[in-house]
Amino acid sequence: MVKIVGAGPGAKDLITVRGMHMLNEADVIIYAGSLVNEELLEYAKKDCEIYNSAYMNLDEVIDVIVKAESEGKNIVRLHTGDPSLYGAIREQIEELAKHGITCEICPGVSSFLAAAAAMNCEYTVPEVAQSVIITRMPGRTPVPDNESIAKLAAHGTSMVIFLSSSHLKELKEELYKGAYTPDTPCAICYKASWKDEKCIKTTLENLDREAEKAGITKTALIMVGEFLGDKYSFSKLYDPEFKTEYRK
């Protein structure tokens, strides 16, 4: 069995306790070196075999796992954030299944959650937004037509856009085709939770200029929506007039 572990957004202490224990026990770790903080490898045993998948293709990753499995070793595949978001895990799970190897997934903390924490904000603000859209601009990996930024932006709710910080001018134009305007509040968060984290709150009109001034071109996500603004309503949950089964 291979354990697919969410490494968290970056900070060494934001991995789950379960994920940390899996790293402690691993004989082999294959980590996504382009995004995973290498400090997490400090949780590994001294004699653990460590591979950086940034330099490997899918076949090479599978070969390492198949060999380690045949030797009875404890294997961890360490992915950034939570493996369910842009983790490319399905193809790995299905290829491993061809070799009779099963997978156990350990969830992680996604960077879109770390970004909200860094900005001291809430995506689901009463009477402003109660939904969060997580998406990306098309690149080498295409996006289905019905999931274009413009179509999703028509909802006008909270949006988090991954893997798009090098296309900010194009992103702005797509967002304008939806419900957003140049004055819509937004933020760009670079390496949320890392030691060199940068989070900049601005407006869509100034998004690309602010990112350029800060030297941000990659490893960042964009947050867009009125949840970053000043207007909102209090939750009914703590309203003194709101009755619950706990508070009569």
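Count residues from 1 along the sequence.
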Item checked: Residue pair L152, M159: steps toward the side-chain contact (heavy atoms from CB on, under 4.5 Å) verdict -> CA-CA 9 Å; L152 295 177; M159 288 187 73; 4.1 Å; yes
Notebook entry, point to check: Do you reckon V5 sits in the same ILVMFWY cluster as I75, going by side-chain contacts under 4.5 Å, direct or chained?
Noted result: no
Note to self: Rounded at 0.5 Å granularity, tell me how far SG in C48 sits from CG in D27.
What the structure shows: 7.0 Å
Item checked: Sub-4.5 Å side-chain heavy-atom contact between L23 and I29 -> yes
Notebook entry, point to check: Taking the side chain from D208 and the backbone from L168, do they hold a donor-acceptor pair closer than 3.5 Å?
Noted result: no
Check: Any side-chain heavy atom of V109 within less than 4.5 Å of one from P9?
Finding: yes
Checklist line | Closest non-hydrogen atom pair, N57 against D59 | finding: OD1-N, 3.1 Å
Item checked: Cluster check M20, L41: I/L/V/M/F/W/Y, side chain < 4.5 angstrom -> yes
Next item on the list: May I ask you to check whether R209 and T202 show a side-chain donor-acceptor distance below 3.5 Å?
Entry: no
Next item on the list: Mind running side-chain contact (heavy atoms from CB on, under 4.5 Å) on I161 and L221 for me, showing each step along the way?
Entry: CA-CA 6 Å; I161 301 138; L221 52 75; over 6 Å; no
Notebook entry, point to check: Considering only heavy atoms from C-beta outward, does the side chain of S148 approach that of V143 to under 4.5 Å?
Noted result: no
Next item on the list: Could you check E94 against K98 for salt bridge (Lys or Arg N to Asp or Glu O under 4.0 Å), going step by step and ending with a plain yes or no?
Entry: CA-CA 7 Å; E94 293 184 356; K98 295 176 183 177; over 6 Å; no
Check: How long is the span from the CD1 atom in I30 to the OH atom in Y51, to the nearest 0.5 Å?
Finding: 7.5 Å
Item checked: Atom CG of D145: over 12 foreign heavy atoms under 6.0 Å -> no
Notebook entry, point to check: Just wondering, more than 12 heavy atoms not from E91 lying within 6.0 Å of its CD?
Noted result: yes
Item checked: Under-4.0 Å salt bridge between E42 and K12 -> yes
Item checked: Under-4.0 Å salt bridge between K45 and E25 -> no
Check: Taking atom types as modelled and ignoring hydrogens, do the side chains of D82 and S84 form a donor-acceptor contact shorter than 3.5 angstrom?
Finding: yes
Next item on the list: Report yes if some heavy atom in the side chain of I149 is under 4.5 Å from a heavy atom in the side chain of K177; otherwise report no.
Entry: no
Margin query: For the backbone of I105 and the side chain of K3, can you confirm whether one donor and one acceptor N or O come within less than 3.5 Å of each other?
Written below: no
Check: Looking at F227 and C121, what are the two nearest heavy atoms and their distance?
Finding: CE1-SG, 3.8 Å
Notebook entry, point to check: Heavy atoms, side chains only, cut-off 4.5 Å: are L175 and L204 in contact?
Noted result: yes
Next item on the list: Over 60° means perpendicular and under 30° means parallel, so classify the ring planes of Y123 and F112, tilted if in between.
Entry: tilted
Check: Taking atom CG of D47 as the centre, does the number of heavy atoms from other residues, nucleotides or ligands within less than 6.0 Å exceed 12?
Finding: yes
Check: If you round to the nearest 0.5 Å, how far is CE of M22 from CG of L78?
Finding: 11.5 Å
Item checked: A220 to I216 - nearest heavy-atom pair and separation -> CB-CG2, 3.7 Å
Margin query: Side chains of E38 and Y31 only: does a donor on one sit below 3.5 Å from an acceptor on the other?
Written below: yes
Check: Roughly how far, to the nearest 0.5 Å, is the CD1 atom of I101 from the CD1 atom of I65?
Finding: 7.0 Å
Margin query: Under 4.0 Å between a side-chain nitrogen and a carboxylate oxygen: does that hold for E210 and K213?
Written below: yes
Checklist line | Exercise: do Y176 and E174 side chains pair donor with acceptor under 3.5 Å | finding: no
Next item on the list: For Y190 and E197, run side-chain contact (heavy atoms from CB on, under 4.5 Å): C-alpha distance rounded to whole Å, both residues' side-chain angles, the deciding distance at 0.1 Å, then the answer.
Entry: CA-CA 6 Å; Y190 169 80; E197 166 191 286; over 6 Å; no
Item checked: Heavy-atom side-chain contact between R136 and T141 under 4.5 Å -> yes
Note to self: My understanding is that only one of V64, V2, I50 makes a side-chain contact (heavy atoms from CB on, under 4.5 Å) with V28; could you say which?
What the structure shows: V64
Check: Do L228 and M223 come close enough that some side-chain heavy atom pair is under 4.5 Å?
Finding: yes
Next item on the list: Might you point out which heavy atoms bring K172 and L207 nearest each other, and give the distance in Å?
Entry: CD-CB, 4.4 Å
Note to self: Hydrophobic clustering (ILVMFWY, side-chain heavy atoms < 4.5 Å, transitive) - are I89 and L85 grouped together?
What the structure shows: no
Notebook entry, point to check: S164 side chain to M137 main-chain N or O, any donor-acceptor pair under 3.5 Å?
Noted result: yes
Notebook entry, point to check: How about S110 and Y86: do any of their side-chain heavy atoms sit closer than 4.5 Å?
Noted result: no
Next item on the list: Before accepting this row, confirm whether a basic side-chain N of the pair E173/K169 lies closer than 4.0 Å to the acidic partner's carboxylate O.
Entry: no
Item checked: Check: T157 side chain, H155 main-chain N or O, donor-acceptor pair, under 3.5 Å -> no
Next item on the list: Please report the closest heavy-atom contact between A192 and S111, naming both atoms and the distance.
Entry: CB-O, 4.2 Å
Check: So V61 and Q92, side-chain contact (heavy atoms from CB on, under 4.5 Å) or not? Walk me through it.
Finding: CA-CA 9 Å; V61 170; Q92 297 175 71; 4.1 Å; yes
Check: If you measure from the Lys or Arg side-chain nitrogens to the Asp or Glu carboxylate oxygens, is any gap between E147 and K151 under 4.0 Å?
Finding: no
Checklist line | Point-to-point distance, once rounded to the nearest 0.5 Å, from CG of L171 to OG of S165 | finding: 10.0 Å
Check: Does one hydrophobic cluster hold both I222 and V132, with members joined at side-chain heavy-atom distances below 4.5 Å?
Finding: no
Notebook entry, point to check: Is a side-chain N or O of T16 found less than 3.5 angstrom from the main chain of G19, in a donor-acceptor match?
Noted result: yes
Note to self: Are L113 and M119 linked, directly or through intermediate hydrophobic residues, by side-chain heavy-atom contacts shorter than 4.5 Å (ILVMFWY only)?
What the structure shows: yes
Check: Counting N and O atoms only, with roles assigned by atom type, does the side chain of N37 sit under 3.5 Å from a partner on the main chain of G10, one being a donor and the other an acceptor?
Finding: yes
Note to self: Nearest 0.5 Å, please: how far is NZ in K201 from CG in N120?
What the structure shows: 10.5 Å
Note to self: Restricting to non-hydrogen atoms, name the atom on G229 and the atom on P185 that form the minimum distance, rounded to 0.1 Å.
What the structure shows: N-CG, 3.8 Å
Check: Looking only at atom types and distance, does a side-chain atom of T184 sit under 3.5 Å from a main-chain N or O of G225, one as donor and one as acceptor?
Finding: no
